[in-house]
Every structure is written in structure tokens, then in C-alpha cells.
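In listed order, ligands and their atoms are each counted from 1. In this text, all values refer to a predicted model and were calculated from it rather than measured experimentally.
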Amino acid sequence: MVGGGPAGLTFARVLHRHDHPVTVLERDPAPDARPPGGTLDLHEKLGQLALDKAGALAEFHALSRPEGQAMRILDTDGTVLRDWRPRLGERANPEIDRGQLRDLLLGPLDVQWGRGVAEVVPGTRDGVLVRFADGGEEAFDLVVGADGAWSRVRPAVSSATPHYTGVTLVETSLDDVDTRHPDLARLIGDGSVAVYGVNRGLVAQRNSGGHVKVYAQFRAPLDWHLGLDPADAEAVRAHLLALFDGWADPALDLLRRGGAFVHRPLYVLPVSHTWAHVPGVTLLGDAAHLMPPLGVGANLAMLEGAELAEAVAAAPGDLDEAVRAFEERMWARAGRWAKMTVAGLERLVSPDPTDALALFDEIQGS
Ligand SMILES: Cc1cc2nc3c(=O)[nH]c(=O)nc-3n(C[C@H](O)[C@H](O)[C@H](O)COP(=O)(O)OP(=O)(O)OC[C@H]3O[C@@H](n4cnc5c(N)ncnc54)[C@H](O)[C@@H]3O)c2cc1C
């Protein structure tokens, strides 16, 4: 297994539960080597199902925040357009911090940290050869690439590469929001607040411990920040405030009071990305089907990890057939979600902000 993200760790946890050997190769030198990122909502029939297969659902329920499903939508002038709160006991999509999910999945696993993979060569005499960034090599019977958007395993099965969607996120964050920014804490509530304007939006999401992630999203060429030093927070802030000029103060305060800014251009793989099956190598999660971040990528990644692990554990004698059948299922399901999320991104960051509101109403009504 290459990659210790949601896909790789779920795959390894389910194999571990079936007493099946697995090696997890992760590039990061340690679990906390970089900030783990924001919060994830895990759907009952996707991420939560995967955790159930891993025997970790009860732990998830103990940590997750069902109240984090709340969502408030504002007009750019500050008018509240929607104020949706989950019913008591609603467990369809509870939120969990990525770091908490990672630690929960790591549990009993023995991950090999600091083992960045450079290349994978299938069909050698010894099996599938993994070449490491540090120059080492090791052979395996099956290599599963769960190494994310810029997968180093993917070239062994496919020539596809991610392309830019035309939409960029710039992320900032607020700490101790309840004590340091009580007005923004009230605005954000228990879950998220979103403001949609013409071709841009601002979303703030509560994480645990009073931490809030704020995402400015807008259509822009990939080099929109040319001439802007990304490390110069005040310059980026001034640029963003000019971009969102005229919006009501509570929305702009999310940018005014945020800390450092992180640039996240949104890339996707072609919708319905598939490949000719290659014995001994497959892909999971973002490595297989990178799609816009509309709340499903980690969910799919985890369910795929769990399903592939179950297939491998159930068919040690015919590993290749098990992987082949799994790929067909993964491609069909991921293809449907990729179409929905690509269309969803068009509506969320749209010339007509009522598109985003209509999308929200459709999702809540479904
Ligand atoms: C802002 C944002 C918000 C999102 N919100 C949600 C949400 O609410 N719900 C949801 O379901 N999805 C969400 N997503 C999508 C989700 O983050 C991804 O789909 C998910 O993380 C994919 O999991 P993965 O395991 O396939 O890949 P990753 O999470 O990218 O993990 C890949 C792992 O592989 C490691 N790695 C990379 N290269 C190598 C290498 N060469 N050798 C060894 N290891 C390597 C990385 O260090 C990493 O640990 C969001 C995405 C973004 C950007």
C-alpha cells in the first residue's frame, strides 16, 4: 500500500482486521509532520460504512460532531438565506477532524513513515518493483496506489494527469474562535457558514477545539497570484479583500482576522477515468479519481479501501481476479460521483449565485 491517507489507512485497517499482512509506505516522516487539514463529513453509506468494515465505527461516533452538519447560507449583503440544523440524533454526515480520523485509523497499524515512492514497475521477475525516493527498491505481489492527486503509482497503469478546474481555494484559519472572535463564532454556529457571490464564495467551517477553516473560492487563471508573495499574509489578505470588495462585514471579517493563507488550486482527473487492468497494481481514492472537493472524495476513498481489502482477504488464491472485479465496481461508482461533483462545482462557483442556493436545496431535499 502506497499512501497513508484515508484510502490507504482504511485498506490497511480492514486487512489488519482480517489478519492479512500489509505494508503501508508513507512519504511523510511522521503522522504529524504537516497540518492534517480541515474537517470531513463522513456519510452513512460511504465513509461510515467503511469504518464499520474496519471495526472502528463506535470510535468514530464517540469523536465525531453530528452538530457540525449545520449549515447557514448568507447573501453577500449579510442576509441569512438558509439556516439548516440537523435533527437531534441525526447521524447521516457527522463531521470529524482529519487528524482525529487519521489517528483513529492508525490505531494498531505499523506504518513505514518517510518512505516516499518514486516509481512502480509492474511485471518484473520478482513481482511489482517499488523504487523509493531514497534510491532503495523492494518487490511486492500487489501494489495499491493510494498516494493522492499527484500519485507516483498512477503512471504504472495510466497516462492521465490532473488538470486545473479554473477554480482556486485560498485557505486561512481562526483559532479559539469562541473566546477570541465570539461574533464570528455566532455567525458560523456549530457547523459551517457559506456566502456565495458572482463567481466566488466564502465558506467557514468549524473544526473541533474552536478552530475554524475559512476557504475563499473563486474563478481565476492558475497564475492569478503572479507578483504576490504567498508567504506575505498581508499582501494576500489585501488581494482577497479587493476580490470580495463590497461584501458585508461579517463575511469579510473571516478574511480580515484569518492567519496565514494557503493556496489550493482545484485539480481533477478526467471524469470516468479508467485504465486497462495491469496485474499487480491498482489505484484507490484521489489517485484513481481526483474530483472537486464537494464532500465525497475521502468518503469514496475509504469505502474503496475497505472493499478492496475485503476482496483481497476473501480471495488470496486469485488476487488478480479480485482486483479486476473491484476496479470495475470502483470505476462505475466513482464515475457517477465525478460527474455530480464537477457539475456541482460549476454551480457553487457560478456567475449566478442562486445556482449555489438551488444546489444546497436539492441536496437537503434528497
Ligand atoms: C479543501 C478540501 C476539503 C475537502 N473536504 C472533504 C469532505 O468534507 N469530505 C470528503 O469526503 N472529502 C473531502 N475532500 C477530499 C478529500 O480530502 C480527498 O478526496 C481524500 O483525502 C482522498 O484520500 P486519499 O487517501 O485518496 O488521498 P490523500 O488524502 O491525498 O492521501 C494520500 C497519502 O499518500 C501520501 N503520499 C503521496 N505521495 C506519496 C509517495 N510518492 N509515496 C508515499 N506516500 C505518498 C501522502 O502523504 C498522503 O498521506 C476535501 C478536499 C479538499 C482539498
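- For atom 12 (N) of ligand 1, the nearest non-hydrogen atom of the protein is Ala298 N, 3.1 Å.
- The proximity of Leu169 to ligand 1, defined as any non-hydrogen pair under 4.0 Å, is limited to the side chain.
- For atom 29 (O) of ligand 1, the closest non-hydrogen atom of the protein is Pro6 CD, 3.3 Å.
- Here is the list of ligand 1 atoms found below 4.0 Å of a heavy atom in Arg115: 43 (C).
- Between Val2 and ligand 1, not a single N/O pair is under 3.5 Å apart.
- Closest approach of Pro162 and Arg154 over heavy atoms only: CD-NH2, 3.4 Å.
- Nearest residue to atom 6 (C) of ligand 1 from Asp286, Leu40, Leu42, Asp147 is Leu40 (criterion: closest heavy atom).
- Closest to atom 53 (C) of ligand 1, if we only count protein heavy atoms, is Pro293 CB, 4.2 Å.
- Taking CZ of Arg257 as the reference point, atom CZ of Arg237 lies at 11.0 Å (rounded to 0.5 Å).
- Between Gly297 and ligand 1, at least one N/O pair is under 3.5 Å apart.
- For Glu304, the closest heavy-atom approach to ligand 1 does not fall below 4.0 Å.
- Taking both residues in full, the closest heavy atoms of Arg152 and Asp147 are given as N-OD2, 2.7 Å, listed atom of the first, atom of the second, then distance.
- Listed here is the closest heavy atom pair of Asp28 and Ala33: CB-CB, 4.3 Å.
- For the pair His16 and Leu109, the minimum side-chain heavy-atom distance is below 4.5 Å.
- In this structure, the protein non-hydrogen atom closest to atom 43 (C) of ligand 1 is Arg27 N, 3.3 Å.
- Residues Asp175 and His181 approach most closely at O-CD2, 4.1 Å, considering heavy atoms.
- Ion pair Arg256/Asp249 flagged as a salt bridge, since at least one NZ, NE, NH1 or NH2 atom sits closer than 4.0 Å to an Asp/Glu carboxylate oxygen.
- Listed by atom number, the atoms of ligand 1 under 4.0 Å from Asp28 heavy atoms are 47 (O).
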Gln205 and Thr39: CA distance, side-chain angles, deciding distance, side chain to side chain donor-acceptor pair (under 3.5 Å) verdict: CA-CA 8 Å; Gln205 273 192 312; Thr39 175; 5.7 Å; no
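- Within the 4.0 Å heavy-atom shell around ligand 1 one finds Tyr215.
- Protein heavy atom nearest atom 8 (O) of ligand 1, with residue, atom name and distance: Asp41 OD1, 3.1 Å.
- Close approach of ligand 1 to Gly295 (heavy-atom distance below 4.0 Å) involves ligand atoms 7 (C), 8 (O), 9 (N), 10 (C), 11 (O).
- Side-chain contact between Arg82 and Met71: absent, with no pair of heavy atoms (C-beta onward) separated by less than 4.5 Å.
- Looking from atom 40 (C) of ligand 1 to the surrounding protein, the closest heavy atom is Val117 N, 3.7 Å.
- Using cut-offs of 30° and 60° on the angle between ring planes, the pair Phe218 and Trp224 is perpendicular.
- Defined by atom type and a distance below 3.5 Å, a donor-acceptor pair is missing between the side-chain atoms of Thr23 and Gln112.
- Rounded to the nearest 0.5 Å, atoms CD (Glu307) and CZ (Arg329) are 5.0 Å apart.
- Nearest heavy-atom pair across Pro270 and Ala160 is CD-CB, 4.3 Å.
- Phe244 is not connected to Leu348 by any chain of hydrophobic side-chain contacts under 4.5 Å among Ile, Leu, Val, Met, Phe, Trp and Tyr, and they are in different clusters.
- Remark: ligand 1 atoms within the under-4.0 Å shell around heavy atoms of Leu25 are 43 (C), 44 (N).
- Taking only nitrogen or oxygen atoms, main chain and side chain alike, Glu26 reaches within less than 3.5 Å of ligand 1.
- Under a 4.0 Å criterion applied to the non-hydrogen atoms of Arg34, ligand 1 contributes the atoms 46 (C), 47 (O), 48 (C), 49 (O).
- Ligand 1 has no N or O atom lying under 3.5 Å from any N or O atom of Ala301, backbone or side chain.
- The closest side-chain heavy-atom distance from Leu357 to Tyr196 is not below 4.5 Å.
- Ranking the protein heavy atoms by distance from atom 27 (O) of ligand 1 puts Gly148 CA, 3.8 Å first.
- Under a 4.0 Å criterion applied to the non-hydrogen atoms of Gly5, ligand 1 contributes the atoms 25 (O), 31 (O), 33 (C), 49 (O).
- Within ligand 1, counting atoms from 1 as listed, the ones closer than 4.0 Å to a heavy atom of Gly285 are 26 (O).
- Rounding to the nearest 0.5 angstrom, the gap separating the CG atom in Leu169 from the CG atom in Leu266 is 4.0 Å.
- Close contacts of ligand 1 with Ala146, meaning ligand atoms under 4.0 Å from a residue heavy atom, involve 32 (C), 33 (C), 34 (O).
- At a 4.0 Å heavy-atom cut-off, ligand 1 does not touch Met302 at all.
- Residue Gly8 has no N or O atom closer than 3.5 Å to an N or O atom of ligand 1.
- For atom 14 (N) of ligand 1, the choice among Glu171, Met291, Arg98 with the nearest heavy atom turns out to be Arg98.
- For atom 25 (O) of ligand 1, the closest non-hydrogen atom of the protein is Ala7 N, 2.9 Å.
- To the nearest 0.5 Å, the span separating OG1 on Thr172 from CZ on Phe261 amounts to 4.5 Å.
- Contacts with ligand 1 closer than 4.0 Å are made by backbone heavy atoms (N, CA, C, O) of Val296 only, the side chain lying farther away.
- Closest heavy-atom approach to atom 34 (O) of ligand 1 within the set Ala133, Gly145, Gly3: this belongs to Gly3.
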